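One structure is given below, encoded as structure tokens.
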Amino acid sequence: RDFYKILGVPRSASIKDIKKAYRKLALQLHPDRNPDDPRAQEKFQDLGAAYEVLSDSEKRKQYDTYGEEGLKDGHQSSHGDIFSHFFGDFGFMFGGTPRQQDRNIPRGSDIIVDLEVTLEEVYAGNFVEVVRNKPVARQAPGKRKCNCRQEMRTTQLGPGRFQMTQEVVCDECPNVKLVNEERTLEVEIEPGVRDGMEYPFIGEGEPHVDGEPGDLRFRIKVVKHSIFERRGDDLYTNVTISLVESLVGFDMDITHLDGHKVHISRDKITRPGAKLWKKGEGLPNFDNNNIKGSLIITFDVDFPKEQLSEEAREGIKQLLKQGSVQKVYNGLQGY
Amino acid sequence: MWSAGRGRAAGPALLGVLLALSLPGGRAAKTDVGLVTCGSVLKLLNTQHRVRLHSHDIKYGSGSGQQSVTGVEASDDANSYWRIRGGTEGGCPRGSPVRCGQAVRLTHVLTGKNLHTHHFRSPLSGNQEVSAFGEDGEGDDLDLWTVRCSGQHWEREAAVRFQHVGTSVFLSVTGEQYGSPIRGQHEVHGMASASAHNKWKAMEGIFIKPSPDAPGGHDEL
């Protein structure tokens with residue numbers, strides 16, 4: 001089997017690309033999502049095997065050299081386990097229909113974890129590995145009391161004399177104890193992700209001894225950046241230039257979030273507050289990563305700090321040949 | 001960064017172990033020791049009294065009248081989750097291992113208040129009251145606690161102490177229990193000296209693995 005082809009990645013793909021490809025395809029190829037495809041289970045297994053090998057640096061090396069037959073241990077694809085790293089314990093949400101089957105089953109608490117994310121990660125995407133250690137309800141020997149409730153009992157004390165008492169009555173259920181278990185989860189930070197978006201992991205919340213566990217949800221929180229400000233898919237930044245540069249022009253590079261350089265070349269006068277729009281240099285759009293917003297650069301000018309000498313003042317008057325302009329007006333009302 | 005190296009190596013090994021098991025529940029083997037990092041959410045167990053640090057929307061009836069902090073025996077209460085954050089905004093980026101001697105804030109996940117102490121007496125034992133204070137994770141300078149541990153970083157397997165930056169007391173439990181409406185919960189307070197009563201261990205939680213490179217990750221591409 002060609003694992004690279006199954007995942008749709010080049011042979012030089014990084015681990016991040018492989019995780020991203022797996023996550024996208026796993027949602028598409030899951031058998032429950034393709035009930036009419038007789039080969040759905042097989043395709044899904046292939047996907048799991050491909051990820052298992054290519055995500056492990058040792059196994060990937062072996063595969064690259066010797067092919068699938070050369071893999072030392074073979075692979076017992078319990079694909080369900082790989083899937084749960086990305087989506088949680090009990091499956092997944094398709095098109096926003098969570099497990100609403102049985103409202104009567106009690107559910108453990110959901111946990112919402114704020115995940116801080118940098119603008120660099122919003123631009124290029126990333127995977128965050130997280131270890132989830134949680135209590136899991138496991139069968140234990142014996143029985144326990146459950147569904148306890150109050151009931152009224154009527155007892156006869158004598159002819160015509162009755163007494164009503166309240167009694168606690170319980171059912172018997174299989175005994176359950178809480179055991180701590182761990183697994184690694186992979187949270188994907190998708191390019192273009194917005195503040196407040198959530199990534200759920202089904203069944204990874206708190207357990208409920210009489211029912212199902214709740215969910216774990218990661219909520220994206222984009223942190224402030226020292227150079228760029230985000231507005232939707234656009235990025236804003238400021239550049240301070242010298243007085244000379246503002247008058248005679250300049251060349252410069254701005255280093256973008258992934259390290260590539262955005263070149264700016266000015267040969268005209270740049271006034272303070274001037275804005276330069278660089279289309280396509282903003283953030284990728286969440287729904288379509290191929291569309292990018294713009295980078296808007298606002299210039300401000302640094303005036304000389306020391307006072308100018310008499311000579312310099314005369315020189316400047318000669319150079320600029322400007323008369324006196326002293327226009328008084330109400331700037332706050334647009335005059 | 002040896003600790004990050006260990007974290008990375010464990011990943012594929014864990015995957016191997018998980019896949020070897022055919023149990024549908026996937027009973028996972030424990031990952032390697034691991035460090036506690038900023039941004040992680042966890043429950044803290046007092047090793048002496050076997051109760052977890054806990055808070056809830058119930059205020060003290062005395063002292064400061066702020067939201068109460070207690071110790072509970074249950075291991076499955078979502079109100080026992082606390083988030084580890086740096087002392088200042090941006091002071092501890094996601095995935096940075098917490099160093100021994102570093103000052104952190106512990107934010108109660110469900111109510112958004114920070115673990116806090118001040119010069120008020122605790123209701124049962126007369127030690128220093130420990131409360132939960134602030135709004136949406138923002139409180140004041142009395143929310144800072146120094147992680148006291150041996151070695152370089154806070155390890156998940158280690159029992160550590162939390163010493164308050166402002167008043168120098170240690171986060172402690174000595175066994176006093178409340179009556180109604182929080183029957184059976186233990187008092188959590190601040191005590192002046194280090195002892196077995198103020199050792200805490202990270203238990204259940206969501207632990208962000210130490211990041212292999214600085215955020216800005218040019219290597220990823």
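Each chain gets a letter, A, B and so on, in the order its sequence line appears, and its residues count up from 1. We use all heavy atoms of the structure for the numbers below, so side chains are in, but hydrogens, waters and symmetry mates are not. Just so it is clear, the structure is predicted and the values come from calculations on it, not from any experiment.
Distance check, rounded to the nearest 0.5 Å: OG of B:Ser75 to CD of A:Glu206 gives 8.0 Å. To the nearest 0.5 Å, the span separating CD on B:Glu204 from CG on A:Asn180 amounts to 4.0 Å. One finds the CG atom of A:Asn133 at 10.0 Å from the CG atom of B:Leu42 (value rounded to the nearest 0.5 Å). For the atom pair CG of B:Asp76 and NE2 of A:His208, the computed distance is 8.5 Å after rounding to the nearest 0.5 Å.
At least one donor-acceptor pair closer than 3.5 Å links the side chain of A:Arg132 to the backbone N or O of B:Gly205. Between the B:Arg83 side chain and the A:Asp114 main chain, a donor and an acceptor come within less than 3.5 Å of each other.
Neither the backbone nor the side chain of A:Val187 comes within less than 4.5 Å of any heavy atom in chain B. Looking at B:Asp77, only its backbone comes within 4.5 Å of chain A, counting heavy atoms on both sides. The contact between A:Phe218 and chain B is made entirely by side chain atoms (from C-beta outward), counting heavy-atom distances below 4.5 Å.
Considering only heavy-atom pairs separated by less than 4.5 Å from chain B, the leading option among A:Leu119, A:Leu185, A:Leu178 is A:Leu178.
Under a 4.0 Å N-O distance rule, the pair B:Arg94/A:Glu116 does not qualify as a salt bridge.
With a 6.0 Å radius and a threshold of 12 heavy atoms from other residues, nucleotides or ligands, A:Asp64 has its CG atom above the threshold. Within 6.0 Å of NZ on B:Lys199 lie no more than 12 heavy atoms contributed by other residues, nucleotides or ligands. Within 6.0 Å of CZ in A:Arg23 there are more than 12 heavy atoms belonging to other residues, nucleotides or ligands. Other residues, nucleotides and ligands contribute more than 12 heavy atoms inside 6.0 Å of the CD atom of A:Glu198. Under a cut-off of 6.0 angstrom, the local environment of NZ in A:Lys221 is crowded, with over 12 non-hydrogen atoms contributed by other residues, nucleotides or ligands.
Residues B:Val109 and A:Ile112 come closest through the heavy atom pair CG1-O, 3.7 Å.
Here the options are A:Val130, A:Thr184, A:Val128, the test is side chain to side chain contact (heavy atoms under 4.5 Å, CB included), and the partner is B:Lys209; only A:Thr184 passes.
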